[in-house]
Amino acid sequence: MDNISIARLLDETASLLEIDAADPFRIRSYRRAAEAVEQQTTQLVTLVDDPKQLLAIPGIGKSMAANIQALLSTGTIPLREELLQKYKPTMLELLRLPGMGPKTVALVWSACQVSDIDSLEAAAKAGHLTKLPRMGEKFVTKLLKGIEDHRKNSSRFRVDKAQYHADIISNLIREFPGIDEITPAGSLRRGRETVGDLDLLVTGPACESDVVSAAVEYVAALPLIDKLLAKGQNKVSFTLRNNLQVDVRLLPRSGYGAALQYFTGSKMHNVALRQRAIKRGLTLNEYALLRVEDNTIIAAASEADIYNALDLDYIPPEVRENSGELEAAAAHTLPHLITLADIRGDLHMHTDATDGRDTIRQMAEAALARGLKYIAITDHSKNLAMTNGMDDARAIDHIKNIRKIDAEMKGKIRVLPGIEVDILADGALDLEDTTLAQMDIVVASVHSHFNQSIEEMTTRVLRALENPYVRILGHPTGRKVLGREGYAINIDLILKRVAELGVAVEHNANPARSDLNDLNLRLAKQYGCKIVVDTDAHSTEELDQMRYGITQLRRAWLTPTDILNTKPTADSFLQSLRSKP
DNA sequence: GCCGTTTTCGGCCCGACTGTTTTCAGTCG
């Protein structure tokens with residue numbers, strides 16, 4: 001069992017305890033333990049014989065260490081089993097619906113024996129819920145909408161989770177002798193925000209057709225497989241414990257490019273590409289690009305060969321959606337898409353002063369190690385009390401600490417003082433202008449939206465933008481990739497105003513948080529908005545999530561000049577922002 | 001359930017916002 005699975009089970013136990021109305025602090029200790037386990041770089045399964053190392057992890061005490069050992073040896077923990085006698089596992093899914101917290105889940109269970117989404121929907125539609133305390137028409141409407149959204153998304157996995165599993169599986173497969181290359185294809189390679197299943201393409205001498213069976217057997221016996229679905233000549237399909245389906249294809253080097261092209265998609269891109277081939281008397285399939293008349297192979301080993309043989313420039317996977325990329329590749333006008341290496345600064349991150357894990361110095365050094373030239377420390381303001389958000393006095397004090405680290409970094413990397421302020425329901429910010437005036441970067445973000453109407457929400461953000469100290473609009477749509485949808489907002493209006501005022505709009509790179517989708521990114525470019533991409537990192541590791549933001553920018557066809565934090569220095573970046581009053 | 005002591009028990013993240021209320025419980029970040 002890997003760390004992520006352990007973390008998930010601990011987290012589920014916490015949720016069950018919540019439904020059971022257990023001691024909140026006990027619940028939190030399970031959540032904290034889950035987080036701690038998830039952040040471990042070494043797999044706990046390797047430490048199981050040495051409880052001392054488990055206990056060395058902050059948040060893991062005697063009982064939790066015993067829980068982890070039980071998980072590793074039996075796959076579950078006694079407390080979890082006990083709770084599952086009282087409650088159904090499907091109730092955990094109910095918690096993912098908006099407005100459904102532990103109390104409400106417990107209520108519908110005790111009052112209507114509702115324990116899963118289908119029966120909750122039925123009860124809602126039959127009007128049974130409005131008879132319960134604190135549940136009116138509005139709640140039911142919101143709930144039904146939430147169920148609909150949930151169904152749309154729940155079968156897909158967030159890109160970073162899929163990438164994590166792809167990396168683990170790839171590392172295991174790579175241990176087999178004669179494997180050279182493993183590439184995730186499909187929507188993961190195209191950089192979609194969510195992934196339905198994982199397609200891993202593998203090649204190397206061990207994948208040649210006369211010897212491939214040994215490698216197939218090896219893959220089919222991987223320890224992390226939950227259910228083996230199929231085992232063919234060169235393909236193994238299985239699911240992981242989290243239900244993610246994985247298809248591993250072992251392919252000879254000679255046809256690797258054709259397979260990569262075929263399985264990367266998208267479907268629409270491939271259809272258009274095959275039509276182009278047919279016009280040229282060629283046919284394209286998953287094995288090769290062939291001449292129709294005599295089946296001669298024209299190209300197969302690399303994707304570039306195939307595109308070039310069709311008189312196209314190489315098309316990066318992120319833009320393979322049949323939305324103009326074939327025409328552009330034919331005309332040699334594909335833009336030079338932005339890459340991770342173009343990014344010079346990260347303008348949104350947190351430290352242990354609020355809800356981050358690491359210190360200002362650790363963040364600065366980690367950013368430096370990642371090649372960045374400047375960062376902004378933007379901890380939370382007081383309204384986010386739960387994060388230990390800072391009031392005016394603390395925020396001003398924090399600037400001193402940031403400047404001190406900035407000086408200590410001796411110009412190797414600039415560390416800019418900033419703050420992430422909360423936009424209140426009336427559009428006001430929760431700190432004084434005199435405080436904001438001392439910050440280089442003020443990120444204004446909405447943190448509570450609930451059921452404000454589109455008009456209210458839009459007005460709220462527009463009002464906040466009028467504050468002259470706001471330099472970046474943080475997570476403008478509040479959109480989450482999975483689960484609860486973001487707030488309803490007139491993004492069109494917001495982006496227009498952002499462009500007029502010279503405020504920058506944030507593209508939040510962290511898939512777990514919120515961001516602009518590629519459509520809105522294109523809109524932002526069209527309106528001439530200044531765009532920054534940042535990680536909103538809460539730990540040094542999260543700085544690595546910049547890669548997911550870049551992929552989204554590439555999907556929107558954006559180039560280095562479209563993004564503000566490709567500016568080479570902190571000064572040139574600050575100059576390109578809305579000027580301070 | 002963890003942690004750190006003042007070493008064996010008390011503290012641990014709290015305020016805005018909503019719906020259904022007529023004073024507040026529950027959700028969310």
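For the numbers below, each heavy atom of this structure counts, side chains included, while hydrogens, waters and symmetry mates do not. Each chain gets a letter, A, B and so on, in the order its sequence line appears, and its residues count up from 1. Everything numeric here is computed off the predicted structure, so don't read it as measured data.
- Listed candidates were B:dG19, B:dG29, B:dG1. Nearest to the side chain of A:Leu384 is B:dG29.
- Of the C1' atoms belonging to B:dT27 and B:dT20, the separation is 14 Å, rounded to the nearest Å.
- For residues 17-29 of chain A, the set of pairs meeting the salt bridge (charged side-chain N to carboxylate O under 4.0 Å, His left out) definition, not counting sequence neighbours, comprises A:Glu18-A:Arg31, A:Asp20-A:Lys86.
- Heavy atoms of A:Glu137 sit under 4.0 angstrom from primed sugar atoms or phosphate atoms, though from no base atom.
- Between A:Ser63 and B:dC2 there is a side-chain polar atom (N or O) within less than 4.0 angstrom of OP1 or OP2.
- Per the geometry, CG belonging to A:Leu424 stands 14 Å off C1' belonging to B:dG29, to the nearest Å.
- Straight-line distance between the C1' atoms of B:dC3 and B:dT8: roughly 12 Å, to the nearest whole Å.
- Nearer the 5' end of DNA chain B, as judged by each residue's closest nucleotide, is the contact made by A:Val140, out of A:Val140 and A:Thr104.
- In this structure, A:Glu18 atom CD and B:dG26 atom P are separated by 13 Å, rounded to whole Å.
- The listed nucleotides are B:dT27, B:dG29, B:dC17; the one nearest the side chain of A:Ala425 is B:dC17.
- With 3.5 Å as the limit, one finds a donor-acceptor pair spanning the side chains of A:Thr76 and A:Glu81.
- Between the side chains of A:Asn517 and A:Arg522, no donor-acceptor pair is found at a separation under 3.5 Å.
- Shown here, B:dC12 forms a base pair with B:dG1; the pair counts as Watson-Crick or G-U wobble because both key distances fall under 3.5 Å.
- Screening residues 35-64 of chain A for salt bridge (charged side-chain N to carboxylate O under 4.0 Å, His left out) gives A:Glu38-A:Lys161 as the qualifying pairs, with residues at least two apart or on separate chains.
- Taking the C1' atom of each, B:dC12 and B:dT23 are spaced 29 Å apart, rounded to whole Å.
- One can place CG of A:Asp355 at 9 Å from C1' of B:dG29, the figure rounded to the nearest angstrom.
- Note that the CG atom of A:Asp518 and the CG atom of A:Leu523 stand 11.5 Å from one another [nearest 0.5 Å].
- Side-chain N/O atoms of A:Arg134 include one lying less than 4.0 angstrom from OP1 or OP2 on B:dG26.
- Rounded to a whole Å, the CG atom of A:Asp391 is 14 Å from the C1' atom of B:dG15.
- Atom name C1', nucleotides B:dG19 and B:dC9: the rounded distance is 40 Å, in whole Å.
- B:dG1 and B:dT5: their P atoms are spaced 23 Å apart (whole Å).
- With the nearest nucleotide of DNA chain B identified for both A:Val105 and A:Asn67, A:Asn67 has the one nearer the 5' end.
- Spacing of P atoms, B:dT21 relative to B:dC14, comes out at 30 Å, to the nearest Å.
- Distance CD (A:Glu35) to C1' (B:dC2): 14 Å, rounded to an integer number of Å.
- Between the NZ atom of A:Lys62 and the P atom of B:dG1 there is a distance of 12 Å, rounded to whole Å.
- Atom P of nucleotide B:dG29 and atom CG of A:Asn508 are separated by 14 Å, given to the nearest angstrom.
- Within 4.0 Å of A:Lys382, counting heavy atoms only, lies no atom of the nucleic acid at all.
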*asked:* Please evaluate residues A:Asp544 and A:Arg370 with respect to the criterion salt bridge (Lys or Arg N to Asp or Glu O under 4.0 Å), reporting the C-alpha separation (whole Å), side-chain torsions for both, the decisive distance (0.1 Å), and the verdict.
replied: CA-CA 8 Å; A:Asp544 287 327; A:Arg370 286 160 176 78; 2.8 Å; yes
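- Listed candidates were B:dG29, B:dG1, B:dC17. Nearest to the side chain of A:Tyr30 is B:dG1.
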Scan nucleotides 7-12 of chain B against the protein and return all N/O pairs shorter than 3.5 Å with their distances rounded to 0.1 Å.
residue: B:dC12; atom: O3'; partner: A:Arg28; partner atom: NH2; Å: 3.3

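- Nearest nucleotide to the side chain of A:Met386, out of B:dC14, B:dA16, B:dT27: B:dC14.
- In the model, A:Asn510 has a side-chain atom that pairs as donor or acceptor with a side-chain atom of A:Gln545 under 3.5 Å.
- Of the candidates B:dG1, B:dG15, B:dT27, B:dT27 carries the atom nearest the A:Pro102 side chain, counting heavy atoms from C-beta on.
- Counting non-hydrogen atoms under 4.0 angstrom, A:Ile27 reaches nothing in the nucleic acid.
- Nucleotide B:dT18 is shown with an anti base, its glycosidic torsion being more than 90° from 0.
- Here A:Pro133 lies out of heavy-atom contact (under 4.0 Å) with every strand.
- Using a 3.5 Å distance cut-off with no hydrogens or angles, the side chains of A:His348 and A:Glu420 do pair a donor with an acceptor.
- On the C1' atoms, B:dC2 is 15 Å away from B:dT7, given to the nearest whole Å.
- On the C1' atoms, B:dG29 is 11 Å away from B:dC13, given to the nearest whole Å.
- Per the geometry, CG belonging to A:Asn383 stands 11 Å off C1' belonging to B:dC14, to the nearest Å.
- Neither side chain, A:His447 nor A:Asn383, offers a donor N or O lying under 3.5 Å from an acceptor on the other.
- A:Thr540 and A:Gln362 share no donor-acceptor pair across their side chains, judged by distance under 3.5 Å alone.
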